[in-house]
Amino acid sequence: VRRWLLAQGDAALLARRDTEVARRDAVVALLLELRASLEALYRQPLDPAAMRAAKAARLAGAQAEYAALRAGWAADAGYDAWMAAGLNNAKLGTVGLYHRLVPGFQALLAQQGGDLEAFHTAVAALAQQPEDRRHARLAALAAQWPASAGAHSD
């Protein structure tokens with residue numbers, strides 16, 4: 001998307017997209033932090049009632065953090081419906097898996113010199129491997145990918 005917008009030469013549209021990406025990254029960071037917090041909670045030796053109460057408090061805290069983020073976004077309601085539908089382990093799991101793999105795919109694209117056709121060929125070859133090997137390969141690529149390169153931007 002970013003490449004296409006740059007090619008269009010529309011600075012206002014590019015700036016709007018950069019704002020959207022920054023907001024998405026802020027929401028993702030909040031959700032990944034919540035996911036890590038819940039994983040740590042689940043390792044604690046708590047009785048079921050205490051576990052439920054602690055989980056509910058963390059979920060409510062994340063909703064409050066989102067509301068604070070959202071307060072600075074004027075009329076942008078991009079994540080409101082998703083957040084209002086409630087947070088649960090399944091939703092957090094999908095966000096975590098996807099965003100854990102993005103840096104590996106970005107590194108693979110960089111390894112292909114930004115050539116989308118070569119990237120798609122490399123991804124097709126990667127898809128032929130078993131899931132554990134695919135994930136290991138993407139993790140290795142991500143480890144080589146500089147964090148400053150925009151791990152979650154388009």
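- Leu92 places none of its side-chain heavy atoms less than 4.5 Å from the side chain of Leu32.
- Both Leu31 and Val28 are part of a single hydrophobic cluster, where members link through side-chain heavy atoms under 4.5 Å apart.
- With a 4.5 Å cut-off on side-chain heavy atoms, Val21 and Val1 do not count as touching.
- Within 6.0 Å of the CD atom in Gln8, the count of heavy atoms belonging to other residues, nucleotides or ligands exceeds 12.
- Side chains of Leu6 and Arg3 form no contact here, defined as non-hydrogen atoms less than 4.5 Å apart.
- Here CD of Gln144 is found 10.5 Å from CG of Leu108. Values are rounded to the nearest 0.5 Å.
- Note: the hydrophobic cluster containing Leu138 does not contain Val95 (ILVMFWY, side chain heavy atoms under 4.5 Å, direct or indirect links).
- The shortest heavy-atom contact between Leu69 and Val27 is CD1-N, 4.4 Å.
- At a threshold of 4.5 Å between non-hydrogen side-chain atoms, the residues Arg2 and Arg17 do not count as touching.
- Atom CG in Leu14 sits 11.0 Å away from atom CH2 in Trp4 (nearest 0.5 Å).
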Let me see the working for Arg133 and Arg137 under side chain to side chain contact (heavy atoms under 4.5 Å, CB included), right down to the final yes or no.
CA-CA 6 Å; Arg133 290 187 60 203; Arg137 174 75 175 128; over 6 Å; no

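- Rounding to the nearest 0.5 Å gives a distance of 6.0 Å between CG of Leu46 and CG of Leu41.
- Leu97 is not connected to Tyr42 by any chain of hydrophobic side-chain contacts under 4.5 Å among Ile, Leu, Val, Met, Phe, Trp and Tyr, and they are in different clusters.
- Within the 4.5 Å cutoff, no side-chain heavy atoms of Arg23 are placed close to those of Arg70.
- Taken to the nearest 0.5 Å, the CG atom of Asp115 stands 8.0 Å off from the OG1 atom of Thr121.
- When side chains are defined from C-beta on, Tyr66 does not count as touching Trp82, because their heavy atoms never get closer than 4.5 Å.
- Interatomic distance, Leu116 CG to Leu109 CG, rounded to the nearest 0.5 Å: 6.0 Å.
- Here the closest heavy-atom approach between residue Ala118 and residue Gln112 is recorded as CB-OE1, 3.6 Å.
- Note: the hydrophobic cluster containing Leu141 does not contain Val102 (ILVMFWY, side chain heavy atoms under 4.5 Å, direct or indirect links).
- Residues Leu87 and Met51 share a single hydrophobic cluster, defined by chaining ILVMFWY side chains whose heavy atoms lie under 4.5 Å apart.
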Given side chain to side chain contact (heavy atoms under 4.5 Å, CB included), test Leu5 with Asp10 step by step and report yes or no.
CA-CA 7 Å; Leu5 289 172; Asp10 186 336; 5.9 Å; no

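- Glu33 places a side-chain heavy atom less than 4.5 Å from the side chain of Glu65.
- A salt bridge is absent between Arg24 and Glu20; no separation between the charged side-chain nitrogens and carboxylate oxygens falls under 4.0 Å.
- In this structure a side-chain-to-backbone donor-acceptor pair under 3.5 Å is present from Arg58 to Ser37.
- Between Ala142 and Pro103, the closest heavy-atom pair is CB-CB, 3.8 Å.
- When all heavy atoms of Gln63 and Gly86 are compared, the closest pair comes out as NE2-CA, 4.3 Å.
- Between the side chain of Lys55 and the main chain of Leu38, no donor-acceptor pair closer than 3.5 Å is present.
- Within the model, atoms CZ of Phe105 and CG of Leu126 stand 6.0 Å from one another, a figure rounded to the nearest 0.5 Å.
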